Amino acid sequence: MEGGEMANSPKTNAKANVVGPLLRTHRTKAGLTQKELADLCQRRGIKLTRGTLAKIEAQVRFVKACELFIIAKSLAVPLEEFYPPGFGI
């Protein structure tokens, strides 16, 4: 097994998170670059880089609850607004 793959693990094209596209929408509405938002998050005590935000927005990386909380606070957007309509119903 190479690259940390587990034996018999299924390969899927599943997205790593559902909030990425709306995160990008809220960030751009706020007029912030990925770097600027990463800097705001770092000032609030969470270590995020521009590259990490890019991966979250592209749905290739999971977003931790604590990260999403700080991102939401940094953008002054309620957490619920990062989820697609009807999510969790």
Side-chain angles (χ1 to χ4, degrees):
M1 289 175 273
E2 294 183 33
E5 287 184 288
M6 295 175 57
N8 300 321
S9 63
K11 298 211 182 240
T12 66
N13 290 328
K15 304 291 184 199
N17 70 65
V18 297
V19 301
L22 286 170
L23 168 53
R24 178 179 291 125
T25 298
H26 293 303
R27 177 183 58 76
T28 56
K29 270 188 191 175
L32 297 172
T33 65
Q34 290 172 336
K35 171 92 169 81
E36 290 167 335
L37 179 55
D39 290 346
L40 282 174
C41 291
Q42 288 178 14
R43 285 196 290 272
R44 289 181 176 262
I46 197 150
K47 191 168 184 150
L48 281 179
T49 65
R50 187 216 57 83
T52 299
L53 282 173
K55 289 176 183 176
I56 292 169
E57 288 182 0
Q59 298 177 290
V60 297
R61 181 192 180 275
F62 287 102
V63 60
K64 298 174 186 171
C66 59
E67 293 171 336
L68 185 57
F69 180 81
I70 295 297
I71 290 167
K73 290 291 184 187
S74 297
L75 293 172
V77 173
L79 280 170
E80 302 84 39
E81 292 190 26
F82 287 90
Y83 293 90
F87 183 82
I89 296 176

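Counting begins at 1 with the first residue of the sequence. As the structure is a prediction and not an experimental result, all values here were calculated from the model.
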Item to check | Non-neighbouring partners of F62 that pass ring pair (Phe, Tyr, Trp, His ring centres under 6.0 Å), sequence neighbours left out | outcome: none

Looking at every non-hydrogen atom in both residues, tell me the closest pair between [X] and [Y] and how far apart they are.
| X | Y | result |
| --- | --- | --- |
| R61 | N17 | O-ND2, 2.7 Å |
| A38 | R50 | CB-N, 3.8 Å |
| Y83 | V19 | CE2-CG1, 3.6 Å |

Next on the checklist: side chain to side chain contact (heavy atoms under 4.5 Å, CB included) for K29 and V77? Distances and angles first, verdict last.
Outcome noted: CA-CA 11 Å; K29 270 188 191 175; V77 173; over 6 Å; no

Checklist entry - When hydrophobic residues are tied together by side-chain contacts of less than 4.5 Å, even through go-betweens, does F69 share a cluster with F87? => result yes

Nearest 0.5 Å, please: how far is [atom2] in [Y] from [atom1] in [X]?
| X | Y | atom1 | atom2 | answer |
| --- | --- | --- | --- | --- |
| C41 | L75 | SG | CG | 7.0 Å |
| L37 | L48 | CG | CG | 7.5 Å |
| E67 | T52 | CD | OG1 | 7.5 Å |
| L40 | K73 | CG | NZ | 14.5 Å |

Next on the checklist: If we check side chain to side chain donor-acceptor pair (under 3.5 Å) with S74, which of these qualifies: E36, R44, Q42?
Outcome noted: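 Looking at E36, R44, Q42, the match for S74 under the side chain to side chain donor-acceptor pair (under 3.5 Å) is R44.
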
Checklist outcome for this item: Tested for side chain to side chain contact (heavy atoms under 4.5 Å, CB included) against F82, the lone hit among V63, T25, L23 is L23

Checklist entry - Which residues satisfy the side-chain contact (heavy atoms from CB on, under 4.5 Å) test with R24, sequence neighbours excluded? => result R27, T28, E57

Checklist entry - What residues, two or more places apart in sequence or in another chain, satisfy side-chain contact (heavy atoms from CB on, under 4.5 Å) together with P85? => result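 If we apply the side-chain contact (heavy atoms from CB on, under 4.5 Å) test to P85, skipping adjacent residues, there are no hits.
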
Next on the checklist: Checking I71 against I46 for the side chain to side chain contact (heavy atoms under 4.5 Å, CB included) test, could you report, in this order, the C-alpha distance in whole Å, the side-chain angles of both residues, the deciding distance, and whether it holds?
Outcome noted: CA-CA 9 Å; I71 290 167; I46 197 150; over 6 Å; no

Item to check | salt_bridge(D39, K35) N-O dist < 4.0 Å | outcome: yes

